Amino acid sequence: MKVALIHDYLNEFGGAERVLLALSEIYPKAPIYTAFYKKKSEAYERFKGKDIRTSWVHKIPFFAGKLHSPLRFLAPWIWGSFSAKGGWEGLLDYDVVISSSSWYVTKGFGVGVEFCYCHTPPRWLYGYKTSVEWRKFWLVRIYGQIVGHFMRQYDYKQAQKVNYFIANSKEVQKRIKKFYRRESKVIYPPARLLLVKRSGLSVKRKDYYLVVSRLVGGKGLRMAIKAINKLGKKLKIVGEAPKSFTAGLKKDLVKLAGNNIEFLGQVSDEKLVELYSKAKGFLALAENEDFGITPVEAMSCGTPVIAFRGGGYMESVVENKTGVFFDEYGVNSLIKAIKKFEKMKFKSQDCVKRAEKFSKERFKKKIREFVEENFSLE
């Protein structure tokens, strides 16, 4: 069984790239086909030792840095060149294609037996909040609506060519059913910190809350800062704005924050474990999160979670056992949840046990079994 992996692009290193890394560990000989990569980016540094094969847009100046988002309508021609008759760098030679798909419509190649690991149908196409609030700019909104109309048709068409869908959560499974009319298998993504945890069981807690997130829109960062300011609590925020973004949002957040709030930027995994382990609680505040791996990371360090009741958070956090939920997406509702949280007692062991459901070993085992079982049926 010859396997090829396909991923949107290699730029930032987030949850989707961690899934790709785990897939490449399952199939170490599999080449990685991608639209483009950005040199010196964290994602490229993680994969540069692999057999990376890029599309024709990789050769376009500034495409990786600035043009890939506004020129996303090129996706049909990008991926079409991968599966064109005659083969693109030998893609037609593979028995199995596993695509890691998010907003770049990376699916429907029509070669081999295709398994699409869907992180989510593209959020920008179906009305979900994205990291960039592009709808507030009227010219961009009109452009996006025009492009989006044709891209939704393309996205649906490509989805019908996939042999088997794998969803990263039940939330995404519902979206696949709603937008593509396709069934899917849920296999949760792997948490990165499970092998360096346990410290949360013995480390003394400190009096601060923690947020781990890129400094982008749609993550509830303003809400967290306003709530913490009103309560007079301490908050540490781990994460940085992507280089392709302007520094505007970060400046706004820093200006909004009081002296009780620290912006730590990017930190090492070892430092992150320490921060998770010592935190009083973790704030998971994205609205309609696809899955959300950071609450799992927090729980793997024994730290309970305060989460918005929506999206994938409801699949990882166990209410009143490993955390609490708040129902209305706003500052006052979050404040009430924090006050409730502080009156409760949570066991670190319960949090760690829950996180183990999302281990890399379990992910790799489930993927291997699902691919081999269904490949044998074709």
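Here the structure is a predicted model, which means the values were calculated and not measured.
- Checked by atom type and distance alone, the side chain of Ser333 never pairs as donor or acceptor with a backbone atom of Gly330 at under 3.5 Å.
- Side-chain atoms of Arg175 and Arg123, non-hydrogen and from C-beta on, do get closer than 4.5 Å to each other.
- In this structure, a donor-acceptor pair under 3.5 Å is absent between the side chains of Gln173 and Lys170.
- Asn11 and Ser41 share no side-chain donor-acceptor pair at under 3.5 Å.
- Of the charged side-chain nitrogens involved, none lies within less than 4.0 Å of a carboxylate oxygen, so that Glu361 and Lys365 do not count as a salt-bridged pair.
- Proximity of the aromatic rings of Tyr313 and Phe308 is defined here by a centroid distance below 6.0 angstrom, and this criterion is not met.
- Between Phe36 and Phe63, the two ring planes are perpendicular [angle over 60°; tilted spans 30° to 60°].
- Nearest heavy atoms, Gln158 versus Gly108: NE2-O, 2.7 Å.
- In terms of heavy-atom proximity, Tyr37 sits nearest to His58 at O-CE1, 3.2 Å.
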Stepwise, does the salt bridge (Lys or Arg N to Asp or Glu O under 4.0 Å) test hold for Lys161 with Glu114?
CA-CA 8 Å; Lys161 299 177 184 178; Glu114 182 178 344; over 6 Å; no
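- With values rounded to the nearest 0.5 angstrom, Ser316 atom OG is found 7.0 Å from Arg354 atom CZ.
- When the side-chain hydrogen bond (donor to acceptor under 3.5 Å, both in side chains) test is applied to Glu287, the partners found at least two apart in sequence or on another chain are Lys129.
- Side chain of Ser169 to backbone of Asp290: a donor-acceptor contact under 3.5 angstrom is found.
- Legend: residues meeting side-chain contact (heavy atoms from CB on, under 4.5 Å) with Glu17, ordered by chain and number and at least two apart, are His7, Phe13, Ala43, Phe47.
- Taking 4.0 Å as the cut-off between side-chain N and carboxylate O, Lys185 and Glu369 do not count as a salt-bridged pair.
- Listed for the Asn168 side chain is no donor-acceptor partner under 3.5 Å among the backbone atoms of Pro189.
- With hydrogens and angles disregarded, no donor-acceptor distance shorter than 3.5 Å links the side chain of Arg362 to the backbone of Ser359.
- Taking all atoms of both residues into account, the shortest heavy-atom contact from Val305 to Pro295 is CG2-O, 3.9 Å.
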Show the numbers, then the answer: is there a salt bridge (Lys or Arg N to Asp or Glu O under 4.0 Å) between Lys271 and Asp269?
CA-CA 5 Å; Lys271 180 63 176 178; Asp269 280 358; over 6 Å; no
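- Going from atom CG of Leu125 over to atom CZ of Arg152 covers 6.0 Å, rounded to the nearest 0.5 Å.
- Contact check for Pro122 versus Asp155: side-chain heavy atoms found under the 4.5 Å cut-off.
- For the pair Phe346 and Asn320, the minimum side-chain heavy-atom distance is 4.5 Å or more.
- Atom NZ of Lys366 is surrounded by 12 or fewer heavy atoms from other residues, nucleotides or ligands within 6.0 Å.
- A donor-acceptor contact shorter than 3.5 Å is absent between the side chain of Tyr208 and the backbone of Ile261.
- Contacts of Glu319 classified as side-chain hydrogen bond (donor to acceptor under 3.5 Å, both in side chains), with partners at least two apart in sequence or in another chain: Arg309.
- Separation of the Tyr44 and Tyr9 ring centroids does not fall under the 6.0 Å cut-off.
- Judged by distance alone, the side chain of Trp56 and the main-chain N or O of Ala35 form no donor-acceptor pair under 3.5 Å.
- Listed for the Arg368 side chain is no donor-acceptor partner under 3.5 Å among the backbone atoms of Ile26.
- In the hydrophobic clustering of this structure, Phe109 does not group with Leu5; members are Ile, Leu, Val, Met, Phe, Trp, Tyr whose side-chain heavy atoms approach within less than 4.5 Å, directly or through other members.
- Remark: Glu25 engages Lys360, Lys364 in a side-chain hydrogen bond (donor to acceptor under 3.5 Å, both in side chains) (not counting sequence neighbours).
- For the side chain to side chain contact (heavy atoms under 4.5 Å, CB included) with Ile225, the lone residue among Val331, Ile237, Val211 that qualifies is Ile237.
- A centroid separation of 6.0 Å or more is found between the aromatic rings of Tyr180 and Tyr156.
- The closest side-chain heavy-atom distance from Asn163 to Asn374 is not below 4.5 Å.
- Applying the ring pair (Phe, Tyr, Trp, His ring centres under 6.0 Å) criterion to Phe282, with sequence neighbours excluded, gives Tyr276.
- Side-chain atoms of Phe325 and Ile306, non-hydrogen and from C-beta on, never get closer than 4.5 Å to each other.
- Scanning both residues, Gly265 and Val238, for their nearest heavy atoms gives O-CG1, 3.5 Å.
- At distances below 3.5 Å, at least one donor-acceptor pair connects side-chain atoms of Arg182 with backbone N or O atoms of Val162.
- Of the charged side-chain nitrogens involved, none lies within less than 4.0 Å of a carboxylate oxygen, so that Glu12 and Lys38 do not count as a salt-bridged pair.
- Between the Asp95 side chain and the Gly112 main chain, no donor and acceptor come within less than 3.5 Å of each other.
- Cluster annotation: Val111 and Val96 are assigned to distinct hydrophobic clusters (Ile/Leu/Val/Met/Phe/Trp/Tyr, side-chain heavy-atom contacts under 4.5 Å, transitive).
- With rounding to the nearest 0.5 angstrom, the CD atom of Glu262 is 9.0 Å from the CG atom of Leu275.
- Between Leu235 and Leu210 the shortest side-chain heavy-atom distance does not fall below 4.5 Å.
- Heavy atoms only, all atoms of each residue included: Trp103 and Trp124 are closest at O-NE1, 3.3 Å.
- Side-chain contact between Leu256 and Arg222 is present, with heavy atoms from C-beta onward closer than 4.5 Å.
- Between the CG atom of Leu10 and the CD1 atom of Ile32 there is a distance of 6.5 Å, given to the nearest 0.5 Å.
- For Cys351, the side-chain contact (heavy atoms from CB on, under 4.5 Å) test picks out Met299, Pro304, Thr322, with sequence neighbours left out.
- Ion pairing between a basic and an acidic side chain is recognised when a charged N comes within 4.0 Å of a carboxylate O; Glu45 and Lys40 show no such pairing.
- Atom CG of residue Leu334 and atom OH of residue Tyr329 lie 9.5 Å apart, to the nearest 0.5 angstrom.
- With a 4.5 Å cut-off on side-chain heavy atoms, Leu221 and Leu215 count as touching.
- Using modelled atom types, one finds a donor on one side chain and an acceptor on the other under 3.5 Å when comparing Thr303 with Arg205.
- Remark: of the listed residues Lys278, Lys234, Lys280, Lys280 is the sole one forming a side chain to side chain donor-acceptor pair (under 3.5 Å) with Asp207.
- In this structure, Ser184 contributes its side chain and Phe165 its backbone to no donor-acceptor pair below 3.5 Å.
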